[in-house]
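Following: one structure in C-alpha cells, then a few remarks.
Reckoned from all heavy atoms, side chains included, excluding hydrogens, waters and symmetry mates.
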Amino acid sequence: MTLLWPQMLWLLLAVPALVGAYVLLLRRKKKGALRYASLSLVSGALGPGQRLRRHLPALLLLAAITMAIVALARPSAVVTLPSEQRTLIFAIDVSLSMSATDVEPNRLAAAQAAAKAFISEQPPDVRIGIVSFAGTASVVQPPTENREDLLAAVDRLQLDRHTAIGSGIILSLVTLFPDAGSELESILFEEGTAPGGERGVPIDQAPKAQQKPVQSVAPGSYASAAIILLTDGRRTIGPDPLEAAQMAADRGVRVFTVGFGTPEGTSVSSEGWTVYMRFDEETLKAIAAITRAQYFHAGSAADLRKVYEALSARFVLEKKETEITALFAAAATVLMLAAGLLSLSWFHRLA
C-alpha cells in the first residue's frame with residue numbers, strides 16, 4: 001500500500017495524546033469512587049467483563065480516529081478490478097499454412113474452436129470484432145456484442161493463399177480507429193494487400209476519413225481495446241508485421257499473439273504441391289514485445305484452450321493501482337457509529 005498524501009500521517013501523533021487524556025480522565029473518576037463507604041460495593045457492581053465494557057467504546061472511537069487519519073493520507077493499493085478493455089479484435093490467419101495438422105485436427109479448426117469458447121466466456125458488455133487475413137485482410141465481423149453473429153463469423157472462415165500478417169494488424173487498427181482509416185488503409189493499397197473479396201467487408205468500400213497526424217502515446221497505454229493475433233507467424237506478402245506492430249504501439253494498442261504449430265514444422269499439400277510450413281515464433285514474440293503485450297504458444301488443441309483461458313482472465317480482471325480512501329473512511333464511520341451505539345446502550349450517554 002502507498003500513500004498519496006503521507007504528510008497527513010503526522011496527525012497520528014494526536015492518538016497517544018488522546019490515550020493520555022483518557023487515562024487522566026479515568027484517574028479522576030477513580031478518586032471520586034473512593035468516596036463510597038465500601039469498595040466491595042463498587043467491585044461487586046462491576047462484575048466480570050464490566051471492565052472491558054467500560055473501555056470498549058473508547059477503544060472503538062480511538063480506532064475510528066486512526067482510520068480517519070489514514071484516510072486523509074489517501075492510501076492506494078494494487079487491487080483486482082474489472083478491466084477497462086471493452087473492445088477486442090480477433091485477427092485470424094486463414095492462409096493455407098493454417099491447414100497444417102501439427103495442431104489437431106488442424107491449426108485453423110483448433111483456432112476456431114478456441115476462439116468460439118473465448119467469445120462465449122466474455123462479459124456481455126465486451127464488444128468483439130473479427131478480421132481475417134491471408135493474401136488480403138477483411139473485416140469478417142465489425143465489433144459487436146452479439147455473440148451469435150460472432151460465432152457464425154468464426155464458422156465462415158475459409159482458407160486462402162499467402163499470409164499478410166501486417167495487413168491483419170493494420171486492418172484491426174482501422175477497425176478500432178475509423179478516423180485514422182485513410183492513413184492506415186493507404187499503407188495496405190501501397191503494399192498491394194488492400195482487403196477485398198467476398199469473405200468480409202472491403203476497406204475500400206468504407207467511408208473515407210480525413211488523414212490526421214499520429215500523436216504517439218506510450219505502448220500499451222490504450223486501455224479500451226486490444227488485438228488478439230492468431231497465426232503461425234510466417235509472413236509471405238504484405239506490410240512488415242513488425243512495422244505494423246509499431247503502428248499499434250504508437251497508438252497504445254496491445255497486440256497479444258497466439259502462435260500455432262510445432263517447432264519442427266510440418267508439410268501442407270495444396271493443388272498438387274507440397275510445401276513445408278515452418279513455424280515463425282520469433283516474429284510473434286517480437287510483435288507482443290513491441291506492443292507491451294504477451295505471446296502464447298499453442299502447440300496442441302489442449303494448449304490452445306489454456307491460452308484462451310489465460311487471455312480471458314486477463315481481459316475480464318486486471319490488477320490496477322487504485323485509491324482506497326473510501327474503504328478507510330467507511331471503516332472509520334462504522335467504528336465511530338459502533339462506539340456511539342454501545343455507549344448509549346450501556347451507559348445511556350455519548351461519553
Side-chain angles (χ1 to χ4, degrees), residues 85-99 106-122 124 126-178 180-181 184-185 187-189 191 193-207 225-233 235-239 241 244 248 253 255-260 287 298 304 307-308 311 315:
Q85 296 174 339
R86 293 302 177 193
T87 302
L88 302 178
I89 302 296
F90 273 96
I92 303 178
D93 188 347
V94 293
S95 61
L96 292 178
S97 60
M98 292 293 286
S99 65
N106 61 57
R107 296 177 182 179
L108 180 60
Q112 287 174 304
K116 290 164 69 174
F118 179 84
I119 290 170
S120 300
E121 293 173 359
Q122 294 308 297
V126 174
R127 300 169 67 248
I128 300 175
I130 298 175
V131 169
S132 69
F133 62 91
T136 62
S138 297
V139 179
V140 180
Q141 175 62 58
T144 179
E145 296 176 359
N146 189 316
R147 299 305 186 243
E148 293 183 0
D149 289 348
L150 289 165
L151 297 178
V154 173
D155 287 333
R156 290 198 304 269
L157 297 175
Q158 296 180 1
L159 296 174
D160 206 345
R161 298 178 181 178
H162 302 298
T163 307
I165 299 175
S167 297
I169 296 174
I170 293 174
L171 187 56
S172 298
L173 291 173
V174 172
T175 306
L176 290 174
F177 303 103
L184 293 169
E185 68 188 60
I187 300 173
L188 299 179
F189 282 104
E191 294 284 346
T193 57
E198 298 179 356
R199 288 184 292 103
V201 179
I203 195 173
D204 55 354
Q205 294 181 7
I227 297 171
I228 302 176
L229 177 69
L230 302 90
T231 179
D232 55 15
R235 167 215 182 196
T236 61
I237 194 174
V253 177
V255 181
F256 294 89
T257 56
V258 181
F260 295 87
I287 291 172
L304 191 58
V307 166
Y308 280 94
L311 283 173
F315 285 113

Next on the checklist: Within the 4.5 Å heavy-atom criterion, are Thr175 and Pro142 side-chain neighbours or not?
Outcome noted: no
Next on the checklist: Looking at every non-hydrogen atom in both residues, tell me the closest pair between Ile169 and Ala244 and how far apart they are.
Outcome noted: CG2-O, 3.7 Å
Item to check | Between CG on residue Asp160 and CG on residue Leu96, distance to nearest 0.5 Å | outcome: 7.0 Å
Checklist entry - Rounded to the nearest 0.5 Å, what separation is found between the OG atom of Ser95 and the CD1 atom of Ile165? => result 8.0 Å
Item to check | Euclidean distance, Met98 CE relative to Thr231 OG1, rounded to 0.5 Å | outcome: 6.5 Å
Checklist outcome for this item: In terms of heavy-atom contacts, Val253 and Ala225 come closest through CG1-O, 4.4 Å
Checklist outcome for this item: Rounding to 0.5 Å, atoms CD1 (Ile128) and CZ (Arg147) come to a distance of 4.5 Å
Checklist entry - Within the distance-only criterion (no hydrogens, no angle test), does the side chain of Arg156 pair as donor or acceptor with the backbone N or O of Val140 below 3.5 angstrom? => result yes
Checklist entry - Is the backbone N or O of Thr163 less than 3.5 Å from a side-chain atom of Thr236, with the two atoms forming a donor-acceptor pair by type? => result yes
Item to check | Side-chain donor-acceptor contact under 3.5 Å, Asp232 with Ser97 | outcome: yes
Item to check | Atom pair CD/CD1 of Gln112 and Ile92 - distance to nearest 0.5 Å | outcome: 7.5 Å
Checklist entry - Okay, side chain of Gln141, backbone of Ile130: is any donor-acceptor separation there less than 3.5 Å? => result no
Checklist entry - Is there a side-chain contact between Val154 and Phe90 (heavy atoms, below 4.5 Å)? => result no
Next on the checklist: To the nearest 0.5 Å, what is the distance between OG on Ser172 and CG on Leu229?
Outcome noted: 7.5 Å
Item to check | With sequence neighbours excluded, residues passing side-chain contact (heavy atoms from CB on, under 4.5 Å) with Ser120 | outcome: Leu151
Checklist entry - Can you name the nearest heavy-atom pair linking Ser167 to Pro239, along with the distance? => result OG-CD, 3.2 Å
Checklist entry - Step by step, would you call Ile227 with Leu176 a side chain to side chain contact (heavy atoms under 4.5 Å, CB included)? => result CA-CA 9 Å; Ile227 297 171; Leu176 290 174; 4.0 Å; yes
Next on the checklist: Quick check: closest heavy atoms across Pro241 and Ile287, and the distance to 0.1 Å?
Outcome noted: CB-CD1, 3.9 Å
Checklist entry - Which atom pair, heavy atoms only, marks the closest approach of Leu230 to Ala111? => result CD2-CB, 4.3 Å
Checklist entry - What closest approach, in Å, do Leu159 and Ser99 show between heavy atoms, and which atom pair accounts for it? => result CD1-CB, 3.5 Å
